[in-house]
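Hydrogens, waters and symmetry mates are skipped; everything else that's a heavy atom, side chains included, is used. Per chain, numbering begins at 1; letters A, B, ... match sequence-line order.
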Amino acid sequence: MAYEPLGNASLSELEHESLKQWQAENLLRRALDGTGSGKPFVFYEGPPTANGRPGIHHVFARTIKDLVCRYHTMLGESVTRIAGWDTHGLPVEIEVEKALEINGKADIEALGIADFNERCKQSVFRYKAEWESLSERIGYWLDYDRPYVTYANDYIESVWWLLQQLAQKDLLYEGHKVLPYCIRCGTSLSSHELALGYDTHKSPSIYSLFRLVGKPAEPDRFLLVWTTTPWTLPSNTAIAVNPHLTYVELEVDGTRLIVEQSIAQYTAVPGATGGKPLGEFPVVETYKGTDLVGWRYQQLIDAVKIDPDRAFIVLSGDFVTSEEGTGLVHIAPAFGADDYQIIQREGLAFVNPVDTAGRFSGTDWPEINGLTVFEANPVIAKRLEDEGKLFGRYQAKGYEHTYPFCWRCDSPLIYYARKSWFVRTTAFKDKMLEFNDQVHWYPPEVGTGRFGEWLENNVDWALSRDRYWGTPLPVWICQSDDSHRVVVGSYDQLADLMGQPLPEDFDPHRPYVDSVALPCRECDGTMKRVTSVIDAWFDSGAMPYAQWHHPFENQQEFENHFPADFICEGLDQTRGWFYSLLAIAAGVHSETAYRNVIVNGLLLDVDGRKMSKRWGNVVDPVATVEEFGADAVRLYLLAGSQVWLPKRFDPKSIAEVSLGFLNQLRNTYGFFSLYAEDWEPQDAPPVEDRPVVDIWLMSRLDRVVVAVRNAWSGYDVTSGVRAIMEFCDADLSNWYVRVNRARFWAPDSQADRAALATLHTALTTVCRLLAPAAPFLSDAIHRRLTGESVHLAPFPTVEGRWSDSLDRAMHAVRTLAWLARSARDSRGLKVRQPLAHMKVAVPASVRGDEFDSLLRMLATEVNVREITVVESDESLVRLRAKPNYRTLGKVYGKATPVAAKLAVELTAAQLKGLEAGEPQTLESNGQTYEYRPEDVVVERDVATDWLVQSDGPFVAALDQHLTKELEQEGVAREVVNRVQRLRKEASYDYDTRIELGMSGSDGVLAAVDAHRTFIARETLARRVAIGSDLVSPDVSETVDINGRQVIVSLKRHDGGP
RNA sequence: GGGCCAGUAGCUCAGUUGGUUAGAGCGCACGCCUGAUAAGCGUGAGGUCGGAGGUUCAACUCCUCCCUGGCCCA
């Protein structure tokens, strides 16, 4: 047999065969080389961190990436798909800390940075093998020959160069900033890291009393201040009020309290006032916010030395709201962004009694020295209570809100003023916005909304990390004068500054680079490197340059591969890679880093919950792929819903969405291979010489090609996949193959050459369309059809064969076929029972030669002898007007319902006129209404004793009268059906010749006799014995034919064909 | 608290610039077909289109508010 069947192997087994074959053939390399001279299509792979197992969501993003890249490869473009690994950063350090069972910076430094970093480097590729094998298993084609690795010396040199570029434009600076800070990891987090770790948290809640001093101090009055961070109270230097709000002084149980007016109405402080809202106490005085500004108060906790001349004063702050708290906000400049800003503005004192490990140190209060801020909370509350400065009760978990946590170690973060290095992104915010406008986002609202909003509110990029395993910040500072600084942009420059060549085994990482001391060029001091490393997001955002070691080599390659035509990552990368790519491009370069982005949505579990290790609802990608096959998983992910919508991942529905489709495609190929035998593509007759149904299929195929190309060129992956699946199911399998089965099955002659050619073309084209989405089965079938891999084939092009009139004609035929089946169903008339006559009505636009030429096929499909296409004036059909509101509405506006109702009065003659394209008019209440052909759809009702079903203008009417002759033919078909079942029971091949014997009911035997030739042909019976049983048959059975019993026996015919 | 997205049949999803009786697949029920057969097809049941208002001759579609879920931000 020329066309190898797919056999009984599971999809997954077939895929393993393909994988072996691809590897042996080095197919990826051949596909890339084959298009090497094509137009470049640049794809950037967002580098995964290879220190964790890949998850099912990685399969999702990788499937989309793969589809787009394969599609462009098949278009003949030269597609860049270089693999990359993100190797630096805290996640790696955390893994190593866990493995070593150590915790925190002190432990790391005790171990030694050299040792620690070496372990980090080793751990990076721990899961690399798993990533690569999963990627390969799902058919994700990536060029692993020359991956970029962010810890490589060349890579780091490019990153240094970028930083130097920023510094030269005065875009790199050291500053103080209050940042979210993890006391466990000992590092501040960038805002995009912060985004990864918000969760609900129960914080303390405490109300404290600040005693006013100075002019308005008599009698004793207190400012009531609420905070969720009691540990910041010893560092209090000011209190802020909103100048536009109104404040009231209340007499509460003999104490005067000042709070904001509206808050007082509903605020009842737990443990105070017996649960009564403050607003129920008498108001002694009312103030504007501005009245309070400048008032002074006594230090709340005398534990930290603060110059009273530069502190303890009420300030004006617009950020104060009447939404929560008391309308008076405690200011601790070291522990809040707003706090720091307002203190800077007012020139007030800055204190920070908390060290980098989050512990109090150097205060005048020995009890809290050495406690972490979280441990200090209750101690501070206790002291306030003892000193009578606590209002109500301290609640350790009194306030639930969303709170930032460290995205890796899950510790609650604090806000903490740190010395830090920044990229001055605010200086080129407009450029980033401009670049963003040039990016095509899919879906667009991510770009304009989510990402655009984020850029609008951009703050400077906190770049430095006080950690170990990362690209070292290449800044050296003079020990004698810290204004003498140099930002090193290359290894040559470093050697030059050192005055000696770098060692052979130079490692730019810590701790080696830390020991590089440079003579200061501005004085005779010595320069040392700052100890920071940089944010790993900067590493990954540098990949367009660093993957080519730009600007040190590969200049041409770099230029050819900038910017990316396409990137694709999850929605969670909005503040991650999408940002770092764009920010570096805007800061250093003059062009956006990417042009098209597909943002894929999150994968949720069956119940719509986020997948998380904690929930134990994580889907194992390897097991899932092995169970269903990579193609099925890929199609499910692509076709289930638009890729940017959050998707509930339900393994069960993989079977529903894609397994059925793949099996159907497999069966369709199986059908072809069963009958094709020695047929060769060169035996194909010209398309125009084939039957109309073949030309129709070619027309449909053209349309699908257009649809898929449009969708995928526009990055709508889902619609393209759906269009292919729809075609295979509805057009190819369930119509073309179904109605043409007889042309293939021809044991006594040859299968129809044209039918084989048409099916071969359709299958080949489908495989090529499908290859980017389902690369395995499409390749297996394509190879069997053509002898070549689908992945070296071009993407199908439009052949110009589409025909509207032919599509309309076939649509009409299919509509009539299901109407006829439906009509039969209503009376239980089996399709096997032939009927004499069917009358059909179709819209005028359908009629014509093409429609007429399809009627024979329709007759066979619904098993009727004759079909008549009736005209509208036949008695069978009554015409009825159905108004088209859409067009009438445009003309009549408010009067539309009247005009629509009146249309019913159009006469049959008028309706025929409309069908002929002539406008008609009606009069009503002296008003003239004109109806154009498009204003009215002419419907047909059928009143007759025939079996009738209709759908709009389509009518099928079956003559249910059975003649004796029709009945006999029906019986003959029943007999054929029974014989076929017995053939199958006897396990005959489809072309086994038989002898057939029948005895029993005379009525059945008479029918068999009358249709002896037909039965013999259909069942491949070389001898038909009527009224006698065969001697020693292979199989013999009594069967029921329409209530009459006959014995049917079969025997293999030995006399040859 | 703010931004973005989603809410249509039991489940997964379509639904063009507002237009007539809101569709498909899966599942379910009942049939059909039986030379693609461990496949295939048809029919049916199943919907207050998240809720409430509004605009309009006409709202799943446009506007406002609200509810629920997801993501992001504060």
Scan [X] against the nucleic acid and name what it touches under 4.0 Å (heavy atoms): base, sugar-phosphate only, or nothing.
X: P443(A); answer: nothing
X: E1018(A); answer: base
X: T1019(A); answer: base
X: W644(A); answer: nothing
X: T887(A); answer: nothing
X: R824(A); answer: nothing

Spell out protein contact along nucleotides 54-62 of chain B as letters: B when the base is contacted, S when just the sugar-phosphate is, - when no protein heavy atom is under 4.0 Å; keep the 5' to 3' order.
---B-----
Symbol by symbol from the 5' end, with Watson-Crick or G-U pairs under 3.5 Å, [ ] crossing and | another strand, RNA chain B is (((((((..((((.....[...)))).(((((.......))))).....(((((..]....)))))))))))).
Any side-chain N or O of R886(A) under 4.0 Å from OP1/OP2 of U20(B)?
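For R886(A), the contact criterion (side-chain N or O under 4.0 Å from OP1 or OP2 of U20(B)) is not met.
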Quick one: is S641(A) getting a side-chain N or O under 4.0 Å of the U12(B) phosphate, OP1 or OP2?
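No, because none of the side-chain N or O atoms of S641(A) sits under 4.0 Å from OP1 or OP2 of U12(B).
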Taking the six-membered ring for Trp, are W644(A) and Y442(A) ring centroids under 6.0 Å apart?
no
Assess the pair F578(A) and W537(A): is the distance between their ring centroids shorter than 6.0 Å?
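Ring centroids of F578(A) and W537(A) are no less than 6.0 Å from each other.
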If you assign each of L888(A) and V737(A) to its closest nucleotide in RNA chain B, which residue comes earlier from the 5' end?
L888(A)
So which one's nearest nucleotide on RNA chain B is more toward 5', E726(A) or K830(A)?
E726(A)
Value rounded to 0.5 Å, distance of [atom1] in [X] from [atom2] in [Y]:
X: L6(A); Y: L14(A); atom1: CG; atom2: CG; result: 6.0 Å
X: L635(A); Y: I654(A); atom1: CG; atom2: CD1; result: 10.5 Å
X: R886(A); Y: D935(A); atom1: CZ; atom2: CG; result: 13.0 Å

What integer distance in Å separates [X]:[atom1] from [N]:[atom2]?
X: E569(A); N: C71(B); atom1: CD; atom2: P; value: 19 Å
X: H57(A); N: C71(B); atom1: NE2; atom2: P; value: 14 Å
X: Y892(A); N: G19(B); atom1: OH; atom2: P; value: 21 Å
X: L645(A); N: C4(B); atom1: CG; atom2: C1'; value: 12 Å
X: L455(A); N: G3(B); atom1: CG; atom2: P; value: 18 Å
X: Y636(A); N: C26(B); atom1: OH; atom2: C1'; value: 12 Å
X: R978(A); N: C33(B); atom1: CZ; atom2: C1'; value: 12 Å
X: R973(A); N: C32(B); atom1: CZ; atom2: P; value: 17 Å

Nearest heavy atoms of S673(A) and Y3(A), plus distance in Å
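Shortest heavy-atom contact: CB-O, 3.5 Å.
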Where do L455(A) and M432(A) come nearest, in terms of heavy atoms and distance?
CD1-O, 4.0 Å
Sticking with atom [atom1], work out how far [N] lies from [M], rounded to a whole angstrom.
N: C41(B); M: A52(B); atom1: C1'; result: 45 Å
N: A39(B); M: A22(B); atom1: P; result: 35 Å
N: U56(B); M: C11(B); atom1: P; result: 37 Å
N: G27(B); M: G19(B); atom1: C1'; result: 33 Å
N: A36(B); M: U43(B); atom1: C1'; result: 24 Å
N: A9(B); M: C49(B); atom1: P; result: 10 Å
N: G46(B); M: A24(B); atom1: C1'; result: 15 Å
N: G10(B); M: U16(B); atom1: P; result: 22 Å

Could you check which of [options] has an atom nearest any side-chain atom of [X]?
X: W818(A); options: U43(B), A14(B), A36(B); value: U43(B)
X: R648(A); options: U12(B), A14(B), A36(B); value: U12(B)
X: Q642(A); options: U20(B), C32(B), A14(B); value: A14(B)

Have N977(A) and R981(A) got a donor and an acceptor in their side chains that come within less than 3.5 Å?
yes
Does a donor on one side chain and an acceptor on the other come within less than 3.5 Å for D339(A) and Y415(A)?
no
Please list, chain by chain and in numerical order, all residues satisfying ring-ring contact (aromatic ring centres under 6.0 Å, His included) with F649(A), sequence neighbours excluded.
Y636(A)
Sequence neighbours excluded, the answer for ring-ring contact (aromatic ring centres under 6.0 Å, His included) partners of Y885(A) is none
Between R824(A) and Q833(A), is there a donor-acceptor pair closer than 3.5 Å when you use the side chain of the first and the backbone of the second?
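Side chain of R824(A) to backbone of Q833(A): a pair is present.
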Every protein N/O within reach of nucleotides 37-41 of chain B N/O, cut-off under 3.5 Å:
| unit_1 | atom_1 | unit_2 | atom_2 | d |
| --- | --- | --- | --- | --- |
| U37(B) | O2' | K984(A) | NZ | 3.1 |
| A39(B) | O2' | N667(A) | ND2 | 2.7 |
| G40(B) | O3' | N734(A) | OD1 | 2.6 |
| C41(B) | OP1 | N734(A) | OD1 | 2.8 |
| C41(B) | OP1 | N734(A) | ND2 | 2.1 |

Once salt bridge (Lys or Arg N to Asp or Glu O under 4.0 Å) is applied, do any residues pair with R666(A), and if so which ones, sequence neighbours excluded?
none
Given the rule in the side-chain hydrogen bond (donor to acceptor under 3.5 Å, both in side chains) test, do T229(A) and T227(A) qualify, once you have shown the distances and angles that lead to the verdict?
CA-CA 5 Å; T229(A) 53; T227(A) 181; 3.1 Å; yes
